[in-house]
Amino acid sequence: MVDRVSDIEPELLKRWGIQGIVLDLDNTIVPWHTADLSDGVAAWVARLRADGILFCLLTNNYGRQAAEVADILSMNIIKGALKPSPPAFRKALAALGTPASASVVIGDQLFTDVLGGKLTGMRAVLVRPIGRKEFPTTALLRMLEEPIVAWLRRNEGAKA
Ligand SMILES: [Mg+2]
């Protein structure tokens with residue numbers, strides 16, 4: 001768990017042997033349903049690309065702004081993914097051409113991004129959502145997610 005994607009250090013990904021990143025869009029790198037990349041995202045992507053790491057965007061969103069972000073970052077994108085359903089994650093891995101064991105999912109939701117990644121054998125990093133604005137059904141998932149994330153944070157604190 002990290003606060004923002006740019007907190008994910010290249011050294012950590014190297015240690016994990018990561019070659020490919022499946023990256024969520026809304027509330028992970030842009031505020032919900034916008035194409036406004038958060039500060040530091042473009043530089044973080046460039047830094048990891050310099051290490052040879054590949055990216056694929058994976059989003060349940062199918063709006064125009066999703067394609068815009070993909071364009072800005074020159075990334076493959078899989079839209080309307082129905083996360084956490086595994087087929088979309090397998091499609092993302094196929095697009096990356098990296099094995100699940102050398103790939104990581106990065107996203108802001110436990111029950112879509114992290115769960116789907118884990119179901120397909122990937123590592124996962126949970127980031128804090130950029131904003132509170134999101135899809136109405138997401139608000140329901142957040143109610144289930146919050147106590148678990150709070151528990152995970154306490155647990156991580158204990159390990160540190
Ligand atoms: Mg998201």
Closest heavy-atom contact between [X] and [Y]?
X: Lys91; Y: Ile78; result: C-CD1, 3.7 Å
X: Tyr62; Y: Lys79; result: O-NZ, 3.9 Å
X: Gln19; Y: Thr98; result: CB-CG2, 3.7 Å
X: Pro84; Y: Leu119; result: O-CD1, 4.0 Å
X: Ile130; Y: Ser38; result: CD1-OG, 3.1 Å
X: Met122; Y: Ser103; result: CB-O, 3.6 Å

SB check [X] [Y] (cutoff 4.0 Å):
X: Arg64; Y: Glu68; value: yes
X: Arg4; Y: Asp39; value: no
X: Glu11; Y: Lys14; value: no
X: Asp108; Y: Arg128; value: no

[atom1]/[X] to [atom2]/[Y] distance, rounded to the nearest 0.5 angstrom?
X: Asp24; Y: Leu126; atom1: CG; atom2: CG; value: 10.5 Å
X: Leu25; Y: Asp113; atom1: CG; atom2: CG; value: 10.5 Å
X: Leu141; Y: Met143; atom1: CG; atom2: CE; value: 10.5 Å
X: Asp36; Y: Ile72; atom1: CG; atom2: CD1; value: 8.0 Å
X: Leu58; Y: Thr28; atom1: CG; atom2: OG1; value: 10.5 Å
X: Ser6; Y: Ile29; atom1: OG; atom2: CD1; value: 11.5 Å

Verify same cluster id: [X], [Y] (apolar side-chain graph, 4.5 Å):
X: Ile21; Y: Leu93; value: no
X: Phe89; Y: Val104; value: no
X: Ile106; Y: Trp16; value: yes
X: Val125; Y: Val114; value: no
X: Leu54; Y: Val22; value: yes

Is any side-chain heavy atom of [X] closer than 4.5 Å to a side-chain heavy atom of [Y]?
X: Val69; Y: Leu37; value: yes
X: Cys56; Y: Leu96; value: yes
X: Leu140; Y: Phe111; value: no
X: Met75; Y: Val45; value: yes

Exercise. Can you find a side-chain donor-acceptor pair between Asn61 and Asp26 that sits under 3.5 Å?
Worked result: yes

Exercise. Hey, mind stepping through Leu48 and Phe55 against side-chain contact (heavy atoms from CB on, under 4.5 Å) and telling me if it holds?
Worked result: CA-CA 9 Å; Leu48 294 180; Phe55 286 86; 3.9 Å; yes

Problem set entry | Short side-chain to backbone donor-acceptor contact, Thr120 and Gly116, under 3.5 Å | yes

For this session: For the pair Asp7 (side chain) and Val2 (backbone), establish whether a donor and an acceptor sit closer than 3.5 Å, ignoring hydrogens and angles.
Result: no

Problem set entry | The single option from Gln109, Arg142, Glu145 passing side chain to side chain contact (heavy atoms under 4.5 Å, CB included) against Pro129 | Arg142

For this session: Give the C-alpha distance, both sets of side-chain angles, the deciding distance and a yes or no for side-chain contact (heavy atoms from CB on, under 4.5 Å) between Val105 and Arg123.
Result: CA-CA 6 Å; Val105 176; Arg123 286 186 182 267; over 6 Å; no

For this session: Test Leu23 against Val5 for side-chain contact (heavy atoms from CB on, under 4.5 Å), laying out the working first.
Result: CA-CA 10 Å; Leu23 189 60; Val5 288; 4.2 Å; yes

